[in-house]
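So the structure is just underneath, and the comments pick up after that.
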Number of protein chains: 2
Amino acid sequence: MTAGKGRKDLPTMMDVARTAGVSKSTVSRAFTQPGMLGAETVARILEIASSIGYVPNHTARALSTGRYGNVALVVPDVANPFFPPLIRAAQMEADRSDFCVFLGNSDESWRQEDKLVDRFLSQVEGLVLCASRLTDERIRAHALKRPLVLVNRDVPGIPRVLIDSAIGVREAIAHLAELGHKHIVYVSGPASSWSNQQRRAAVRLGARQHRLEVSIVAARVPSYESGRAVVPDILATGATAAIAFDDLTAQGIMTGLADRGVSVPADFSIVGCDDVLGAATYPSLTTVSNRSDETGRAAMSLLLDMLGSRAVGDARVTLDTYLVVRNTTAPPPNRPPAPARAAPPPLIPPRKGEGDAN
Amino acid sequence: MTAGKGRKDLPTMMDVARTAGVSKSTVSRAFTQPGMLGAETVARILEIASSIGYVPNHTARALSTGRYGNVALVVPDVANPFFPPLIRAAQMEADRSDFCVFLGNSDESWRQEDKLVDRFLSQVEGLVLCASRLTDERIRAHALKRPLVLVNRDVPGIPRVLIDSAIGVREAIAHLAELGHKHIVYVSGPASSWSNQQRRAAVRLGARQHRLEVSIVAARVPSYESGRAVVPDILATGATAAIAFDDLTAQGIMTGLADRGVSVPADFSIVGCDDVLGAATYPSLTTVSNRSDETGRAAMSLLLDMLGSRAVGDARVTLDTYLVVRNTTAPPPNRPPAPARAAPPPLIPPRKGEGDAN
DNA sequence: GATTGACGTGCAACCGGTTGCATTCGATAG
DNA sequence: CTATCGAATGCAACCGGTTGCACGTCAATC
C-alpha cells in the first residue's frame, strides 16, 4: 500500500495545495483548466509548484482520465539501419502532441512482440507496430483493445502505412535503360517480405516496358554477407547491372565484385534499396529512397488522429519512393564483365542489424 | 472522472472477481502472491482472467505500489548511428527484468531534454541519460528525484558509464607506428566532447611514446561533410596517416582523398573511431571499437541494480576500447602524398544523424 | 468440548490525480 | 433590501490496482 517504501517521493498535488492554502481540486484545475480559476490564484499555485519542483503525476492522471499520454512503438530490431530514422521521426511527431513513447524491440520474435504489446497495452493509448512478426489474428486481437497502426504490414481492416517501392524501382529501371543496359538482375530478399514482393513485381513490369532482359538471383537474407556470396550467380547471368533488395545486400555485392576485379560502375552498375547507408560508401550508392522517416511520422500522425477520435477507419497509406542517383550506375561496358580471379573467402564480419526489415 | 469516455475499456480486476465469485483482493493476490491463496482458486482465477483477456493494469499498479516497471532512456539523436546499438542493448537488458523503456530524443537541445525528463519522472523508476546536454546542476536536480545513470558524461556523484577511447587509440598509434608511419594527424571533434578530449590526449601521449610527429586538424562538427572539407588541411601537414574523431568524419576524409587521387590505404592510411559503419565501406575502415552496445547494457544494468536497492553510490564505469584492423591502413608510401587535382565541390548530401554523439 | 492456529478470503483505505456537484460570496438586478 | 446569478473554490467519489488487518472455518491440541 505505502507507495515508494521510502524511495524518493516526488512532491504531490497535496503538498502544493497545503502551502498554497487551497484544495487539491484547485491545484488540479490550475494545471488543466486555468480559465476556471482566478488569475492570481493560478499564478500563485504555478509559482509555488515550480518552486518546490512539482510536476503533475502522469500515472495518476492517466488512471483517472484514461488518457495515458503514452504510445508504444515496436520494431523487430532497433539496430537495423532501416529503423532509427523511422523511430526518430515517430518520436518527434508524438512529442509534438506531448506524448511519451515506449520503444519495444521484438528481436524478430513474435513471442517477444506479443509480450511487449501486452505489457504496453495497459499504459498506452495506442501502438505502432513496424514490420510486425505477429499473425494477422493476434494483430486483430490487439487492435480490438487499443488503436493500432501498422508499418509495412498489410492487414485489411487495420490502419497501415506502407512503403511502396514500385515507383522508385521503376525509375531505377528507366535510369538503367537510358544508360544503355539491356540485361539486368534483381537480387531478391526474403520471400515473405511484402517489400520484396513489391520490388520484384516492379522490376518485372519495368523491364518489360523497357524491353530489358531480367534475371532473378535469390539472396535468402538481406545482408552484406549474402550480397557478397551471390556475386558469382549475378555474373553468371551475363547482366550488366543489378538492383538489390536493399542497401546492405548491394554493399556486399560491391565488395564481391571488387574482389573479382570487376569495377563499379565502369564494368557493372548497382542500385540498392532503402537509402540506408546514405552517401557513406565509396563509390556512393545509387539507391531507391525508402523515406523511412516520413513513414515513421505518417504512422504516428495517423495514430494520433485516431486518438483524437477523428475516425480513420480502414486507412491504407502508401508512400512513394524515388530514385537517388549517386555513383554506382553508368553505361554498360562494351562487353559484359566476367570473373577475373577466384573469389576469396569472406573475411569481413557482416554488418550488425541486418535482416529483413521490411 | 469517467475514464475512457467510451473508448475501448480493458477488462478490470473487478470483472474477473465478479465472474469468479471472489473479491478484488483475491484476484489481485492470484497474480502477485499466488502462494497465499488456495491452489484451485488461483487456477480458476487465472483461467477466467485469460479467457476474458484480462491483463493487470500497469498504471494502476504503479500508482499504488510506486513500482512503475518503467525506465527512460534519453539520447540526443536516435538516428545518429552511434546510438541504435546502445538503445537496443539497453532495451533488451531492461526487458530481462520486465521493464518497459521510454525513449526520448532530445534533439540535441537541453530544453527538450529537460522537458522530456520532467515528463518521464512521474512514470519511471529511473533514467539513463546519454551524452546529456543538460547542465551539471539540472542533472543533479533530477538525480535527486529518481535514480539516474549517465553515459559519456562525467558528473561526480552521479553514476556514469564512460567509453574510454584511450586504449583503442593507443593501439591505433602503435599499429601505425609499426607500419612505419612517422607523422600522423588527429582530426578532432567538438571541443566540448568528453570523448574528443580523451582521444586527443591519447593520440598525443601515444605519439610521444612512439616518437611520431603529430598534427591536429580541427573538424568542428563530426560529419561526412566536414571530414571531406578538411582534407586539404590534412594533406598540408605532410602526414601519411590520420586518426579521425569518428567514423563519419573518417568516411568523409576517404572521399576527399579519393577526389584528389590519393588512394587509401596505398598512399594514405585512415583510422576511424566508434566502429559505426561496420565493414560497410570500401575499402572497409580500420577503426576503434566503441562497444556502444555494451555501454547500453552496462548503463541499464547499473540502473536496475540501483532500483533493486543494491546501493551503487558513486559508480564510475569505464569501458575499454580496442582497435579493429580492416583495410584502410598500410605502410606509408615512399613519398608523402600530395594533392593531384583540385577538389570538386561537395555533391553528396551529408549523412543523416551526424553530430557529436559523445 | 473448549482453545488455539493456520489458512483462505473479504473489507476498506490508500496511491495522486480528475471532475460532477454543492457551496460560498460579492455583485447586479428588481 | 432582497432575490438572483455567475464566478471561484471545496467536497467527495472514482480510476484500478495493493495490502494491513479483521474475520470465519476447520483441524489439531489440551
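Throughout, a chain's letter reflects where its sequence line sits, starting with A, and its residues are numbered from 1.
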- Please report, rounded to the nearest Å, how far the C1' atom of C/dG16 is from the CD1 atom of A/Ile52. 14 Å

- Item | Atom-to-atom span, CD of B/Gln33 to C1' of D/dG17 - whole angstrom | 13 Å

- A/Met14 CE to D/dA12 C1', in whole Å, measures 13 Å

- Any ion pair linking A/Asp118 and A/Lys115 (charged N to carboxylate O, less than 4.0 Å)? no

- Would you give a per-nucleotide map of nucleotides 5-10 of chain D, 5' to 3', where B means the base has a protein non-hydrogen atom under 4.0 Å away, S means only the sugar-phosphate does, and - means neither? ---SBB

- Would you say a side-chain N or O of B/Tyr54 is under 4.0 Å from OP1 or OP2 of D/dG17? yes

- For the pair B/Phe102 and A/Phe102, name the ring-plane relationship: parallel under 30°, tilted 30 to 60°, perpendicular over 60°. parallel

- Note on the structure: From CZ of B/Arg18 across to P of D/dG16 the rounded distance in Å is 11 Å

- Would you call B/Arg96 and B/Glu93 a salt bridge, taking side-chain N to carboxylate O under 4.0 Å as the test? yes

- Query: Is A/Asp77 salt-bridged to B/Arg88, going by a charged N under 4.0 Å from an acidic O?
  - Reply: yes

- Just how far is it from atom NE2 of A/His58 to atom CG of A/Asp98, taken to the nearest 0.5 Å? 8.5 Å

- Query: What are the two closest non-hydrogen atoms of A/Cys130 and A/Pro76, and how far apart are they?
  - Reply: O-CD, 3.5 Å

- Query: To the side chain of A/Thr32, which of C/dT18, C/dG17, D/dT18 is closest?
  - Reply: C/dT18

- Task: Tell me, with the steps shown, if B/Leu319 and B/Glu294 meet side-chain contact (heavy atoms from CB on, under 4.5 Å).
- Result: CA-CA 8 Å; B/Leu319 288 177; B/Glu294 292 178 47; 4.2 Å; yes

- Query: What's the CZ-P distance between A/Phe31 and C/dT18, to the nearest Å?
  - Reply: 9 Å

- Query: How close or far is atom P of C/dG17 from atom NE2 of A/His58, stated in whole angstroms?
  - Reply: 12 Å

- Task: Rounded off to whole Å, could you give me the CD1-to-C1' distance for the B/Ile45 and C/dG8 pair?
- Result: 11 Å

- Query: For B/Leu63 and D/dT18, what is the distance between atoms CG and P respectively, to the nearest whole Å?
  - Reply: 11 Å

- Item | Closest to side chain of B/Ser64, choosing from D/dG16, D/dT19, C/dG17 | D/dG16

- Item | Closest to side chain of A/Thr12, choosing from C/dG16, C/dT18, D/dG16 | C/dG16

